[in-house]
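Below: one structure, written as structure tokens.
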Amino acid sequence: MSDEDDIVLSELDDEELVAQMFDDLYDGLKDEIMEATEILLERGWQPYEVLTKALVGGMTIVGNDFRDGILFVPEVLLAANAMKGGMSILKPLLAETGAPRMGKMVIGTVKGDIHDIGKNLVAMMMEGAGFEIVDLGINNPVENYLEALEREQADILGMSALLTTTMPYMKVVIDTMKEKGIRDDYIVLVGGAPLNEEFGRAIGADAYCRDAAVAVETAKDFVARRHNQMAAG
Ligand code: B12
């Protein structure tokens, strides 16, 4: 038995508990994360504080190590799953307290493509960063995207493709948005292993994101810029 097994979460002070949550998220320990989330709430923490300081804080470390090749997909999925446990407790409370929303993203893998691991990771990391996610799943024709963007009043469209044969379909979606005069109403982010920055630019996306951590940073940047523009006039 390691020392870890002897830790009683409720006996840690707030600072120690948050540090322990960072470790537990990193290790994908869902039960521990849920218990610690409850403890912080009982101690009077606001749900939004628990989300940003404990869960998102921990997930940022996971995201950075994933980006830097220190953590790999299975570990990140476990961490994301642990985080989801904590979020399942906070979600109803956040809805009540009206925590500031980062924005809403519609995300899906394009028509003809069934790869969804990367998309799911992006969705989870974005959710962890405070974005609301509408996940359309795999194999999406242009109509699915357009319908969801309008229905959900989304801010961001995210498209994923893992095949060289399906990535051109992203351009079909963006071109259709242009035809309908709605392209500039949304921030369009694209990703998937075969893509690159040049491709993103060529098809008229706002940005190509090489991984989930970059997706979160990029989305935050664009949303902040949008808010500033709106404030300016
Ligand atoms: C797992 C996998 C599968 C699984 C998919 C399971 C699933 N549920 O997703 C299965 C076995 C089903 C599969 C099927 C096929 N696959 Co496959 N697959 C892979 C593999 C090994 C890993 C992909 C993956 O999940 N990577 C891990 C994730 C985390 O990385 P990621 O997807 O790149 O996502 C990250 C970023 O790209 C970015 N990102 C991704 N999406 C988005 C979206 C947005 C909005 C943003 C901002 C960012 C972003 O962030 C993510 C997280 O950091 C790749 C090899 C590879 N190296 O990519 C081949 C690969 C993609 N597959 C390939 C092929 C050919 C196929 C098949 C056609 C095989 C066949 N003959 O049947 C079928 C396609 C079926 C179809 N119609 O889609 C080829 C594609 C070659 C090409 N040039 O097009 C690859 C490259 C393998 C190879 N070297 O040949 N595959």
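Counting convention: from 1, in listed order, for ligands and their atoms alike. Values in this document were obtained by computation on a predicted structure and should not be read as measured data.
- Protein heavy atoms all stay at least 4.0 Å away from atom 10 (C) of ligand 1.
- Side chains of D65 and Y26: a donor-acceptor N/O pair is present below 3.5 angstrom, by distance only.
- Taking distance alone, with nitrogen or oxygen atoms compared against 3.5 Å, M159 stays at or beyond that limit from ligand 1.
- Polar contact check, M105 against ligand 1: no nitrogen or oxygen pair lies under 3.5 Å apart.
- Counting only distance, with no hydrogens or angles, the side chain of D113 and the backbone of H115 share a donor-acceptor pair below 3.5 Å.
- Residue S160 has at least one N or O atom closer than 3.5 Å to an N or O atom of ligand 1.
- For ligand 1, one of its N or O atoms has an N or O atom of D116 under 3.5 Å away.
- Counting heavy atoms closer than 4.0 Å to ligand 1, residue D211 contributes atoms from both its backbone and its side chain.
- Of the N or O atoms in C209, none lie within a sub-3.5 Å distance of an N or O in ligand 1.
- Contacts between I117 and ligand 1, counted as non-hydrogen atom pairs separated by less than 4.0 Å, involve both the backbone and the side chain.
- One distance of note links CG of L162 with CG of D116; it measures 9.5 Å at 0.5 Å rounding.
- The CE atom of M159 sits 14.0 Å away from atom NZ of K111, with the distance rounded to the nearest 0.5 Å.
- Assignment of R210 to the shell around ligand 1 is supported, since a heavy atom sits closer than 4.0 Å.
- Judged purely by atom type and a 3.5 angstrom limit, K104 uses its side chain to pair as donor or acceptor with the backbone of E152.
- Proximity of atom 52 (C) of ligand 1 to the protein is indicated by at least one non-hydrogen atom lying closer than 4.0 angstrom.
- Protein N/O/S atoms closer to atom 17 (Co) of ligand 1 than 2.8 Å number 1 in this structure.
- Any N or O atom pair closer than 3.5 Å counts here, and L121 shares no such pair with ligand 1.
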